[in-house]
Amino acid sequence: MTIELPNLPYAKDALAPVISADTLDFHHGKHHNAYVTNLNNLIAGSDLAGVGLDDIVKKTAGDEKSKGIFNNAAQVWNHTFYWNSMKPGGGGQPTGKVSELINRDFGSYENFVNELKNVGVKQFGSGWAWVVLENDKLKITSTGNADSPIVHNQTPLLTVDVWEHAYYLDYQNRRPDYLGAFVEKLINWDFANQNLG
Ligand code: MN
């Protein structure tokens with residue numbers, strides 16, 4: 001069994017103009033695809049060949065000699081989660097159970113949005129901003145490079161990629177504008193609710 005690149009859950013131009021077809025072409029077709037290829041090359045013939053992606057990420061986390069495998073596997077996992085965190089015509093007011101949790105743990109949707117944008121802007125260098133459930137509490141966190149909440153006893157509900165390759169073609173250095181547009185026009189609240197289980 002090899003790890004495969006999943007298709008995008010929408011057409012390449014479906015998120016435009018918030019995220020252009022060009023960005024998705026490079027980001028999914030080149031970056032995400034390269035992590036898949038690298039991972040398959042790294043695990044070929046090893047004990048991890050045939051192991052599922054989640055387990056590869058969890059088994060190699062924190063192991064210095066498996067760092068290359070962890071980085072590529074976690075990036076494959078994180079990107080698939082990111083594609084599903086967005087949908088055409090998404091964003092804006094949350095729905096369902098996650099809406100209740102936002103009000104309970106952040107006081108208001110406005111506070112939640114400010115915190116998500118703030119954490120995304122402050123992640124220095126490459127990484128990810130996340131909405132996670134930890135000990136039954138909704139939290140906003142960030143991780144550097146390939147790191148992922150699935151190895152920190154957290155349940156991720158949503159993520160936004162803040163590596164420059166996620167936004168540079170469309171927003172150049174304006175990460176705050178990209179994060180604002182993600183929140184207002186792309187968040188897939190149905191996916192967040194599904195992840196609450
Ligand atoms: Mn990326």
Nearest heavy atoms of [X] and [Y], plus distance in Å:
| X | Y | result |
| --- | --- | --- |
| Pro9 | Asn84 | CG-OD1, 3.7 Å |
| Ala74 | Ala146 | CB-O, 3.2 Å |
| Arg175 | Gly125 | NH2-O, 3.0 Å |
| Ala181 | Tyr171 | CB-OH, 3.6 Å |
| Val162 | Gly120 | CG1-O, 4.0 Å |
| Val151 | Ala61 | CG1-CB, 3.6 Å |

Per the salt bridge (charged side-chain N to carboxylate O under 4.0 Å, His left out) rule, what does the pair list look like for [range], sequence neighbours excluded?
| range | value |
| --- | --- |
| residues 71-84 | none |
| residues 102-127 | none |
| residues 27-37 | none |
| residues 42-59 | none |

So Leu15 and Pro88, do their side chains get closer than 4.5 Å, heavy atoms only? yes

Tell me, do Phe112 and Asn103 make a side-chain contact under 4.5 Å, heavy atoms counted? no

Go through it in stages, so that I can follow the logic: the residues are Leu157 and Leu138, the test is side chain to side chain contact (heavy atoms under 4.5 Å, CB included), and I'd like the CA-CA distance, side-chain angles, deciding distance and then a yes or no. CA-CA 9 Å; Leu157 306 186; Leu138 202 62; 3.4 Å; yes

Just by modelled atom types, is the [Y] backbone N or O under 3.5 Å from a matching donor or acceptor in the [X] side chain?
| X | Y | answer |
| --- | --- | --- |
| Thr159 | Tyr82 | no |
| Tyr109 | Gly92 | yes |
| Asn40 | Ile3 | yes |
| Asn118 | Asn114 | no |
| Thr80 | Val76 | yes |
| Ser108 | Asn111 | yes |
| Asn193 | Lys97 | yes |
| His32 | Leu5 | no |

Rounded distance (nearest 0.5 Å) linking atom [atom1] of [X] with atom [atom2] of [Y]:
| X | Y | atom1 | atom2 | value |
| --- | --- | --- | --- | --- |
| Leu48 | Thr60 | CG | OG1 | 7.0 Å |
| Ile56 | Ser46 | CD1 | OG | 7.5 Å |
| Leu53 | Leu39 | CG | CG | 7.0 Å |

May I ask you to check whether over 12 heavy atoms, not counting those of Glu4, lie within 6.0 Å of atom CD?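 Open: at most 12 neighbouring heavy atoms sit under 6.0 Å from CD of Glu4.
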
Quick one: ring pair (Phe, Tyr, Trp, His ring centres under 6.0 Å) pairs with a partner in residues 138-161, sequence neighbours left out? none

Summary of side chain to side chain donor-acceptor pair (under 3.5 Å) pairs that have at least one residue in residues 180-190, sequence neighbours excluded: Lys87-Asp190

Quick one: which residue pairs count as a side chain to side chain donor-acceptor pair (under 3.5 Å) with a foot in residues 10-21, not counting sequence neighbours? Lys12-Asp25, Ser20-Thr23, Ser20-Asp170

Mind running side chain to side chain contact (heavy atoms under 4.5 Å, CB included) on Phe70 and Lys67 for me, showing each step along the way? CA-CA 5 Å; Phe70 172 80; Lys67 207 168 179 58; 5.6 Å; no

If the test is ring pair (Phe, Tyr, Trp, His ring centres under 6.0 Å), which one of Tyr167, Tyr168, Trp83, Trp163 qualifies with His27?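 Single ring pair (Phe, Tyr, Trp, His ring centres under 6.0 Å) partner of His27 among Tyr167, Tyr168, Trp83, Trp163: Trp83.
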
Indicate whether any N or O donor in one side chain lies under 3.5 Å from an N or O acceptor in the other, for Asp161 and His79.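 Yes - a donor-acceptor pair under 3.5 Å links their side chains.
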
Apart from Leu169 itself, which Ile, Leu, Val, Met, Phe, Trp or Tyr residues share its cluster (side-chain heavy atoms under 4.5 Å, direct or through members)?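 Listed partners: Phe26.
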
Apply side chain to side chain contact (heavy atoms under 4.5 Å, CB included) to residues Ile19 and Phe182 and explain how you reach the verdict. CA-CA 9 Å; Ile19 293 178; Phe182 172 84; 5.8 Å; no

List for me each residue that meets salt bridge (Lys or Arg N to Asp or Glu O under 4.0 Å) alongside Asp63, sequence neighbours excluded, and say none if there are none.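 Checked Asp63 against salt bridge (Lys or Arg N to Asp or Glu O under 4.0 Å); matches are Lys65.
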
Under the rule for salt bridge (Lys or Arg N to Asp or Glu O under 4.0 Å), what residues qualify as partners of Glu134, not counting sequence neighbours? Lys139

Can you list the residues that meet the side-chain hydrogen bond (donor to acceptor under 3.5 Å, both in side chains) rule with Asp22, with sequence neighbours excluded? none

Could you go through Ile140 and Phe106, starting from their C-alpha distance and side-chain angles, then the distance that decides it, and tell me whether this counts as side chain to side chain contact (heavy atoms under 4.5 Å, CB included)? CA-CA 10 Å; Ile140 293 169; Phe106 289 87; 3.8 Å; yes

Can you give the donor-acceptor pairs under 3.5 Å from side chains of residues 126-133 to other protein atoms, not counting sequence neighbours?
from	atom 1	to	atom 2	distance (Å)
Trp128	NE1	Gln75	OE1	3.1
Trp128	NE1	Asn145	O	3.0
Trp130	NE1	Thr143	OG1	2.9

